[in-house]
Amino acid sequence: KNLVFFEALGLKVPQNCIGYRLSRGISGDAWKEALVLVNPNPKAETFQIPKGKWILVVDHSNAGTEIIAPISGVTVLVKPISAMVMYRL
């Protein structure tokens with residue numbers, strides 16, 4: 001019940017791609033919400049994301065829990081054959 005695909009949130013997802021939101025629920029995790037965006041396509045794809053201030057921790061060249069960059073706005077570009085993970089507290 002803590003995983004919701006973007007389509008159920010009214011957000012468009014590029015063809016062949018996956019986007020979903022994970023909510024903390026009762027897990028006690030520090031992150032209130034996390035977004036996972038997967039682009040298996042051979043070209044970059046633009047994803048709609050929920051409005052807010054997000055913290056990017058996974059992109060095409062870095063993975064982990066260290067902050068890569070803040071993200072704000074309602075769209076992000078995901079590089080070809082890669083994924084992004086971002087969270088907010």
Side-chain angles (χ1 to χ4, degrees):
K1 78 180 189 183
N2 295 340
L3 186 150
V4 179
F5 287 97
F6 277 19
E7 293 87 350
L9 298 171
L11 299 170
K12 293 182 182 178
V13 176
Q15 188 173 1
N16 302 323
C17 296
I18 300 169
Y20 59 91
R21 181 187 70 195
L22 290 168
S23 299
R24 174 175 49 209
I26 59 170
S27 68
D29 291 340
W31 298 356
K32 179 179 177 184
E33 294 178 287
L35 302 180
V36 178
L37 314 174
V38 180
N39 177 13
N41 295 325
K43 66 180 183 77
E45 298 286 358
T46 300
F47 284 73
Q48 290 182 329
I49 61 171
K51 187 176 182 180
K53 294 181 181 179
W54 297 94
I55 299 168
L56 181 65
V57 291
V58 174
D59 66 7
H60 64 285
S61 61
N62 298 291
T65 58
E66 292 188 28
I67 296 171
I68 297 170
I71 302 286
S72 60
V74 293
T75 62
V76 293
L77 186 67
V78 180
K79 298 271 187 174
I81 311 171
S82 68
M84 279 185 151
V85 176
M86 56 193 79
Y87 71 91
R88 62 179 161 193
L89 300 173

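Just so it is clear, the model here is predicted, and its values are computed rather than measured.
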Only distances under 3.5 Å count here; give the side-chain donor-acceptor pairs of residues 78-89 to other protein atoms, sequence neighbours excluded, each with its distance to 0.1 Å.
| from | atom 1 | to | atom 2 | distance (Å) |
| --- | --- | --- | --- | --- |
| S82 | OG | K79 | O | 2.7 |
| R88 | NE | E33 | OE1 | 2.6 |
| R88 | NH1 | K51 | O | 3.3 |
| R88 | NH2 | E33 | OE1 | 2.8 |

Would a 4.5 Å heavy-atom cut-off, applied to side chains only, mark [X] and [Y] as touching?
{"X": "F5", "Y": "I18", "result": "yes"}
{"X": "P50", "Y": "L11", "result": "yes"}
{"X": "P14", "Y": "N39", "result": "no"}

Practice task
Applying side-chain contact (heavy atoms from CB on, under 4.5 Å), run through V76 and T46 and close with a yes or a no.
Solution key: CA-CA 6 Å; V76 293; T46 300; over 6 Å; no
**Message:** To the closest 0.5 Å, what do you measure between CG (L35) and CZ (F47)?
**Reply:**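 The CG atom of L35 sits 11.0 Å away from the CZ atom of F47.
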Here the gap from L22 atom CG to N2 atom CG, rounded to the nearest 0.5 Å, amounts to 8.0 Å
Problem set entry | Single-linkage hydrophobic cluster Y20~W54, side-chain heavy atoms < 4.5 angstrom |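 Y20 and W54: separate clusters.
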**Asked** Is it true that L9 and V13 fall in one hydrophobic cluster, defined by side-chain heavy atoms closer than 4.5 Å?
**Response** yes
Looking only at atom types and distance, does a side-chain atom of [X] sit under 3.5 Å from a main-chain N or O of [Y], one as donor and one as acceptor?
{"X": "D59", "Y": "S61", "value": "yes"}
{"X": "N41", "Y": "N16", "value": "no"}
{"X": "R21", "Y": "V4", "value": "no"}
{"X": "Q48", "Y": "T75", "value": "no"}

* To do: Could you give me the CA-CA distance, side-chain angles and deciding distance for L37 and I49, then say whether side-chain contact (heavy atoms from CB on, under 4.5 Å) is met?
  => CA-CA 9 Å; L37 314 174; I49 61 171; 4.2 Å; yes
